[in-house]
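Take a look at the structure below.
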Amino acid sequence: MKQKRMVPFAIGLLVIVVALLVVGKKAGWIGKEYAISVATQKVESKTITEFITANGKIQPQTEVKISPDVSGEIIELYVEEGDQVKAGDPLCVIKPDMYISALNRSEATLNSSKARLAQAEAQQIERELAFKRARQLFESSTIPVSEFESAEAAFKVAQAEVRAAQFAVKSAEASVEEAKEQLTKTRIYAPMSGTISALKVEKGERVVGTNMYAGTEMMIVAELEKMEVQAEVNENDIVKVSLNDTALIEVDAYLNRKFKGVVTEIANSAKVTGTATDQVTNFDVKVFLLPGSYADLIDSTARQFYPFRPGMSATVDILTNTREDVISVPIAAVTTRVPDEDKKGGQKENSQTDLSQPEERTEVVFVHRDGRARQVKIKTGIQDNVSIEITEGLSENDEVITAPYNAISKTLKDSMQIKIVPEKELFE
């Protein structure tokens, strides 16, 4: 009875085995080497432009931060944020009462010094006459030596007092000029033509001058028609950037549009951020936005007709190198391999690995030849987002394997059989 019950199971198992054999035969699992499905592409010549991407902020090319030279209360404020000003236009007035009093004191001191000078000069004339009489009498032996010496000393003292009074007058004159200058600085004028891009004070506020302190930053005057992007470029890429390099700028406020620019300044000193264990070293690069690339965005009828505002976020692609008609392949087609790793089961010929010496890896691509993948050692040049230049190892019309990336980077070996399928079917 048990043997009869086992018969249906045996028949079913036999049917499954036969089905697997049929499927394996069709798929090439039996009687034929397994082939990996891949997509290929012909090697072609094209123009490749290498670029460096950096993030930054938009700022005016020229801007002036205005702080007062004197302290006090703002009693007049003539501008608002966004106003257009010309060089020399009045911006605000700081209460001048204290500085007027200081000027009056300085002028009074000057007049007093001049009066003392006149008194000293009169004394000098008197002592000079007395000295001359004493000298005549001494020469005629009428008076003793002591009287003559006393008259001479008194005359020299009078001369010194005149010189001291003259210096006092100069000092008082300097104080008057300083007081006038301080009084003049209570009225603040625009140092350049531009736009009030930031106004940080109100009428009635007290501000601190820059005589001894940092001072209160009251406003910023900027030329908003000349804008630039201050981008931070990594230390690994900064050596590729040169002055006057062309740049494409994408501003977050204007999606799907790129503006043109040119590199105008490259920092010599690095900007280091982060902790000692996680430091990031960047260099500031300034890229001028060419007005012609955004001329259509300017609305001259609006009060603020500049399309860019200071502080906007931007991404800069700096074009560092361009080569025309070079052999290129998709970046995904290039991978690395350890020399001779295909031998002896994927291990290097020397089974003893020196952990202190890192494995030397070479750049390779896999080329389709006679239904098999052939590993070809190459040398690469510049690259863009899609393609990479091949300087050695390939020629035009070679058919390189471009997908799937997992197969290219890990699975494929030299002389392995492949099956070419369209890329769409490959990922389906």
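As the structure is a prediction and not an experimental result, all values here were calculated from the model.
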Taking the side chain as everything from C-beta on, heavy atoms only, tell me whether L77 gets closer than 4.5 Å to M219. yes

Checklist entry - Does any non-hydrogen side-chain atom of V38 lie less than 4.5 Å from one of P404? => result yes

### Query
Is there a donor-acceptor contact under 3.5 Å from the side chain of Y254 to the main chain of P307?
yes

message: For the backbone of D97 and the side chain of S101, can you confirm whether one donor and one acceptor N or O come within less than 3.5 Å of each other?
response: yes

* Residues, nucleotides or ligands: over 12 heavy atoms within 6.0 Å of D296 CG -> yes

D414 side-chain N/O to Q375 backbone N/O, donor-acceptor pair under 3.5 Å:
yes

(Q) Using a 3.5 Å distance criterion without hydrogens, assess whether the side chain of S113 forms a donor-acceptor pair with backbone atoms of T109. (A) yes

On a heavy-atom basis, the closest approach of I401 and I408 is O-CD1, 3.5 Å

task = Decide yes or no for V229 and F288: does some side-chain heavy atom of the first lie under 4.5 Å from some side-chain heavy atom of the second?
result = no

**Asked** Are any side-chain N or O atoms of E63 and backbone N or O atoms of P60, one a donor and one an acceptor, separated by less than 3.5 Å?
**Response** no

In short, side-chain hydrogen bond (donor to acceptor under 3.5 Å, both in side chains) pairs touching residues 228-249 with sequence neighbours left out are Q59-E228, Q59-Q230, Q230-D284, E232-K271, E232-N282, N234-N236

(request) Count the heavy atoms of every other residue, nucleotide or ligand shown that sit under 6.0 Å from CD of Q279, and state whether that count exceeds 12. (result) yes

task = May I ask you to say whether D398 pairs ionically with R374, meaning some side-chain N is under 4.0 Å from a carboxylate O?
result = no

Flag the pair V251 / F259 as yes when at least one side-chain heavy-atom distance between them is below 4.5 Å, and no otherwise. yes

> With a 4.5 Å limit on heavy-atom distance, are the side chains of V364 and I378 in contact?
Replying inline: no

Whether D317 and K258 form a salt bridge (side-chain N of Lys/Arg under 4.0 Å from carboxylate O of Asp/Glu) is what I want to check.
yes

Main-chain N/O of F167 paired to S171 side chain as donor or acceptor, under 3.5 Å: no

Smallest heavy-atom separation, T281 atom then A270 atom, equals CG2-CB, 3.5 Å

So, does S67 use its side chain to make a donor-acceptor pair with the main chain of T216 at under 3.5 Å?
yes

- Query: Would you say the side chain of I420 lies within less than 4.5 Å of the side chain of E399, judging by non-hydrogen atoms?
  - Reply: yes

If you define the side chain from C-beta out and look only at heavy atoms, does anything of Y78 sit under 4.5 Å from L91?
no

When you look at CG of D370, are more than 12 heavy atoms from neighbouring residues, nucleotides or ligands closer to it than 6.0 Å?
no

Rounded to the nearest 0.5 Å, the CD atom of Q84 sits from the OG atom of S193 at a distance of 9.5 Å

Note: P310 and M227 closest approach over all heavy atoms is N-CE, 4.2 Å

Please check this pair: side chain of T210 against backbone of G215, looking for a donor-acceptor N/O pair closer than 3.5 Å. no

Donor-acceptor under 3.5 Å (T322 side chain, T49 main chain):
no

Under 4.5 Å between any side-chain heavy atoms of V334 and V329, yes or no? yes

- Does a sphere of radius 6.0 Å around NZ in K65 hold more than 12 heavy atoms from other residues, nucleotides or ligands, not counting ones at 6.0 Å or beyond? no

Hits for side-chain contact (heavy atoms from CB on, under 4.5 Å) against V326, two or more places apart or cross-chain, chain-then-number order -> I48, R323, E389

Closest heavy-atom pair, M218 versus I74, reported as atoms and distance to 0.1 Å, is SD-CD1, 4.1 Å

- prompt: Does one side chain, of T47 or E324, offer a donor that lies under 3.5 Å from an acceptor on the other?
  reply: no

In this structure, OG of S313 is separated from NZ of K57 (nearest 0.5 Å) by 3.0 Å

